[in-house]
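Shown next, in structure tokens, is the structure this report addresses.
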Amino acid sequence: MSNPGKAFKRNIRENPYLLAGMIITALILLMILVGIFWTPYDPTQMNSAEKLQGISLRHIMGTDNMGRDVFSRVMYGSRITLLIAIGTVAIGTIVGTAIGAVTGYFGGMMDEILMRIIDALFAFPSILLALVIVSVFGTGWIQLLVALGIAFVPSYARIVRGEFLRCRNMDYVENARLQGVSDLRMIFVHILPNIKGVLASSILIGFNNAVLAEAGLSYLGVGSQPPYASLGKMLSDAQQYMFTTPSYVLCPGIVIVLMVLGFAFLGEGISRWK
Amino acid sequence: MRYIFKKLGMMIITLLVVSICVFLAFSIIPGDPAMRMLGTEASPELVEQTRQEMGLNDPVLVRYFKWFLGFIRGDFGISYNYKVPVGGMVLSKVPITLTMAVMAFILTVLISIPLGITTAKHENSLLDRCLTVINQVIMAIPPFFSGILITFIFGMIFRFFTPGGFVSYTTDLGKFIRYLFFPSLAIALPKISMTVRMLRGSLIDESQKDYTRTAYSRGNNTDGVLYRHVLKNAMIPVITFLGMALADMVAGSIVIEQVFGIPGISRILLTSISNRDYPVVEAIIMGIAVIVILVNFLVDVIYRIIDPRIGLEDE
């Protein structure tokens with residue numbers, strides 16, 4: 001620990017997952033960040049002279065069925081996908097942690113009732129739960145975000161509740177209680193920091209699930225509406241042109257895969273961190 | 001036995017909660033179902049009469065019980081759009097979706113368990129390392145994208161099947177199964193990766209425990225210890241996971257059906273959602289939830305049979 005920089009470098013070299021994860025994630029983030037300020041073409045501008053072109057220097061990911069530049073659309077689409085994924089995980093984590101903390105810490109009747117509801121929600125595969133919510137509130141990317149967020153609450157609530165149950169009777173909690181610490185302070189200041197490791201890894205996993213779920217739901221057509229499209233929507237639009245212009249399908253698909261893979265490698269790398 | 005009854009009770013409570021949630025979700029939606037059924041041109045008297053017939057003027061609790069009792073008896077209500085009973089509409093599609101989910105499950109078990117055992121046996125070998133990376137990549141591919149890739153590779157390049165050439169099980173069972181093989185593979189792929197990873201980890205964990213050393217010291221060879229002692233214990237978390245995976249596959253088939261153009265549950269569900277045909281949506285959602293909860297219950301029971309220690313502290 002004498003030289004943190006050196007230790008970090010050695011750790012990276014012995015940890016190919018972390019390195020790969022960092023490189024892939026950095027590339028994706030760079031693409032999204034650049035996309036906010038500059039895209040090679042206007043992502044919504046149609047050009048009937050250049051429909052369904054393959055990969056070329058002019059259009060590095062080709063063009064779609066309306067002559068729009070696929071790379072510009074991917075830059076824009078991955079931004080939507082990323083925002084929805086972040087929002088989903090944020091809603092899931094915050095609400096889930098609150099429910100899990102309260103039920104795990106206090107226990108009793110409320111715990112029983114809330115956990116039965118959470119169990120019932122947990123019985124729903126999240127894609128199905130999101131479909132129910134979208135069918136109630138209508139389609140659009142904000143609805144999709146809320147739907148996925150709610151669908152992610154049960155798993156976080158369960159994890160956090162389990163951790164709180166484990167920590168509730170530990171010595172340091174007893175000690176703090178004897179010193180007259182209030183319940184609220186106990187939950188947020190004393191117990192929560194002690195479970196951050198568990199929470200962090202479930203956030204990374206949740207992030208990947210969110211990207212995959214968003215892509216799946218957008219593919220079904222319940223997410224962002226035209227002319228702007230998230231990556232999943234692009235894929236469902238592109239599928240019918242698979243045989244004439246494979247690049248139109250493959251490019252958005254590969255970007256989704258890289259996005260998830262980057263975070264998966266990061267997670268794997270962090271868990272192997274010594 | 002007490003354990004099973006307790007789990008049975010919990011299952012029934014969960015089912016009740018699910019049904020209440022689904023019912024409430026669909027009754028807070030703005031818009032009058034009677035109006036939906038009759039169209040906006042209908043006279044107020046006719047709408048009022050239909051409301052009365054549909055029981056929409058009853059209190060929420062009464063409507064819930066009517067709906068719930070109907071559901072148990074297999075009466076799922078009448079579709080707003082097609083004016084036919086929902087049961088008939090949906091039930092003919094159930095075999096398609098279930099066949100696909102079950103095939104995907106069988107594929108997962110058949111492929112992942114031998115692979116998991118092999119990788120654990122040869123830990124850190126070249127094969128093991130390659131498979132670990134391949135698993136990560138497969139897990140990162142959304143199922144519908146692997147569906148598209150499978151259509152592209154097996155349907156267009158190798159021509160093992162005709163994309164979009166679905167054959168119903170009533171006309172030709174063999175062709176039906178053959179067509180469903182590829183969508184099932186697309187559903188199974190990520191689950192196979194997860195199961196291999198999990199079984200490998202679990203086997204390695206178990207093989208470091210004391211009882212493994214004892215088994216070796218009594219003169220068993222590697223395979224004997226592995227199959228008679230370690231595998232049994234290592235399978236426990238894997239079985240939970242497989243149970244959840246089976247439930248996920250039923251839901252995952254929604255997207256895959258869309259990719260391969262299969263007229264299963266998914267198509268009705270999606271058209272009903274966009275047409276706001278709520279009785280159909282309710283029936284399908286409840287149906288899937290019942291399957292999922294039943295599977296979870298069975299997993300709990302199987303669990304107890306494999307490992308009698310589980311649930312002892314509850315008694």
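Any value given below was found using the heavy atoms of this structure, including those in side chains, with hydrogens, waters and symmetry copies removed. We name chains A, B, ... by the order of the sequence lines, and we start the count at 1 in each one.
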- Interface moiety of A:Tyr17 toward chain B, non-hydrogen atoms closer than 4.5 Å: side chain
- Check whether B:Val259 gets within reach of chain A through its side chain, its backbone, both or neither, counting any heavy atom under 4.5 Å. both
- Keeping the roles fixed (side chain from B:Gln136, backbone from A:Phe265), state whether a donor-acceptor pair exists under 3.5 Å. no
- Note on the structure: Heaviest contributor of heavy-atom pairs below 4.5 Å to chain B, chosen from A:Asn208, A:Leu212, A:Val211, is A:Leu212
- Message: Under a 4.5 Å cutoff for heavy-atom pairs, which residue among A:Ala20, A:Gly216, A:Pro246, A:Ala213 has the most contacts with chain B?
- Response: A:Gly216
- Leading residue by heavy atom contact count with chain A [cutoff under 4.5 Å; candidates B:Leu269, B:Leu16, B:Ile285, B:Val281]: B:Ile285
- Quick one: closest heavy-atom pair of A:Val249 and B:Phe145, and the distance? O-CE1, 3.9 Å
- Note on the structure: In terms of heavy-atom contacts, B:Pro142 and A:Val257 come closest through CD-CG2, 4.1 Å
- Note on the structure: Across all chains, not counting sequence neighbours, the salt bridge (charged side-chain N to carboxylate O under 4.0 Å, His left out) partners of A:Glu163 are A:Arg166
- Query: Any chance CE of A:Met31 has more than 12 other-residue heavy atoms, nucleotides or ligands included, within less than 6.0 Å?
  - Reply: yes
- Query: Do B:Val255 and A:Leu217 touch side chain to side chain, with heavy atoms closer than 4.5 Å?
  - Reply: no
- Any B:Phe144 side-chain heavy atom under 4.5 Å of A:Leu220 side chain: no
- Query: Which members of residues 127-135 of chain B, sorted by number, sit under 4.5 angstrom from chain A on a heavy-atom basis?
  - Reply: B:Thr132, B:Val133
